[in-house]
Visitor: 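Just dropping this structure here.
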Amino acid sequence: MSMIQCTSLYGDRKLIPKEKLILRPAVYGVVVHQGNVLLVNTRHTGKYYLPGGGVDLGERIEDALKREVREETGIEVEVEEFAHFREDFFYYDPLDEAYHSLLFFYICKPKTFDLCDDDQVDDEEAEKPRWVNIQGLCDEDFQDHGEIILGLLRPWRD
C-alpha cells in the first residue's frame, strides 16, 4: 500500500494511504484595498488564510472564487489575474479526510467593501472576515502557505 505524507490542520505530518486521498481543486483570492488584505480566520487554529475554497464539479474556477469570497466575507469581487499555483497534500483532522489539493491563487479587485457579520459567514472552517494591514503580517500568521501569500502581497508591501 502506497502512503502519502500530508500536513495536518495543526502542522503535523501524517502518512495517509494513497487510496484515501480526495482530489480537490481549490481557489483563493488575494483581495487588497487601501493597504489591507482580506483575510478570514481558521476556526480550529485561529490562523489567517485567504478567502476561497473548493471548486465544485462543473463549476468554473472564477465562479467558485466569487462564490467562496461571498460566502466567507460577504463581499463581491472581480477576478483580475491568475497569480500562483501550488500542489498540496493536506489532512483535515476534524473530518478525518485527506486531500490531494490543487491550489489556484488569483488577484481580485473588491467591488463591495462591507464585510458580513461574523455570524453570517457561510462556511464550515472560515470565520471572522477582516481587512488586515499588510505591513504587520508575517509567515506564522497564516494557516498554510504564508510565504506564498506574503510573496503575492509584495507589490503592496514595498
Side-chain angles (χ1 to χ4, degrees), residues 7-11 22-95 97 99-158:
T7 303
S8 81
L9 185 64
Y10 302 103
I22 300 165
L23 185 62
R24 181 178 186 262
V27 63
Y28 297 92
V30 178
V31 186
V32 176
H33 177 64
Q34 296 180 341
N36 297 306
V37 61
L38 183 59
L39 298 174
V40 292
N41 276 87
T42 306
R43 284 187 201 278
H44 288 90
T45 66
K47 298 234 178 197
Y48 288 132
Y49 71 93
L50 296 169
V55 178
D56 295 332
L57 189 62
E59 184 178 34
R60 293 188 176 278
I61 286 177
E62 288 191 13
D63 293 337
L65 181 52
K66 291 175 184 178
R67 174 183 51 77
E68 285 285 347
V69 171
R70 185 176 50 257
E71 289 173 358
E72 294 179 1
T73 70
I75 75 162
E76 301 292 328
V77 296
E78 178 182 321
V79 179
E80 291 195 321
E81 67 180 278
F82 171 77
H84 190 78
F85 170 79
R86 169 81 181 243
E87 182 178 38
D88 196 18
F89 294 93
F90 180 72
Y91 176 74
Y92 186 63
D93 310 66
L95 296 179
E97 291 180 346
Y99 300 95
H100 180 176
S101 297
L102 305 175
L103 311 175
F104 299 87
F105 297 85
Y106 283 82
I107 305 297
C108 299
K109 179 179 173 182
K111 293 167 63 174
T112 60
F113 303 94
D114 294 330
L115 302 177
C116 64
D117 293 333
D118 291 349
D119 62 356
Q120 295 174 315
V121 174
D122 182 17
D123 190 83
E124 186 175 297
E125 187 61 40
E127 67 176 4
K128 301 178 185 170
R130 301 288 187 267
W131 290 105
V132 178
N133 185 280
I134 293 169
Q135 299 301 329
L137 292 169
C138 62
D139 285 4
E140 297 78 31
D141 294 329
F142 293 94
Q143 176 63 39
D144 286 311
H145 314 301
E147 71 288 346
I148 292 170
I149 295 167
L150 291 175
L152 294 172
L153 292 171
R154 189 167 292 119
W156 292 278
R157 290 174 66 105
D158 296 339

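Source: prediction; values computed, not measured.
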Visitor: Treating E72 as the side-chain partner and G52 as the backbone partner, does any N or O pair qualify as donor plus acceptor under 3.5 Å?
Guide: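 Looks like yes, one N/O pair under 3.5 Å.
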
Visitor: Without hydrogens or angle criteria, can the side chains of D88 and H100 be said to hold a donor-acceptor pair below 3.5 Å?
Guide: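 Short answer, no.
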
Visitor: Ignoring hydrogens and geometry, is there a side-chain-to-backbone donor-acceptor pair from Q135 to R157 under 3.5 Å?
Guide: yes

Visitor: Cut-off 3.5 Å, side chains only: do T45 and Q143 have a donor facing an acceptor?
Guide: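 Checked: T45/Q143 side chains pair up, N/O donor to acceptor below 3.5 Å.
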
Visitor: Taking the side chain from T42 and the backbone from H44, do they hold a donor-acceptor pair closer than 3.5 Å?
Guide: no

Visitor: Looking at L115, V32, V132, which one forms a side-chain contact (heavy atoms from CB on, under 4.5 Å) with L38?
Guide: L115

Visitor: Hey, are E125 and Y92 close enough side-chain-wise for a donor-acceptor pair under 3.5 Å?
Guide: yes

Visitor: Ion pair present between E76 and K66, side-chain N to carboxylate O less than 4.0 angstrom?
Guide: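 Salt bridge flag = no for K66 with E76.
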
Visitor: Less than 4.0 Å between a side-chain N and a carboxylate O, is that true for R43 and E127?
Guide: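 Yes, this pair counts.
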
Visitor: Check whether any side-chain heavy atom of W131 sits under 4.5 Å from a side-chain heavy atom of H33, and report yes or no.
Guide: yes

Visitor: With a 4.0 Å cut-off, would you call R67 and D56 a salt bridge?
Guide: yes

Visitor: Would you say the side-chain atoms of T73 pair up with the backbone N or O of I75, donor to acceptor, closer than 3.5 Å?
Guide: yes

Visitor: Look at the side chain of N41 and the backbone N and O of Y48, then say whether any donor-acceptor pair between them is shorter than 3.5 Å.
Guide: no

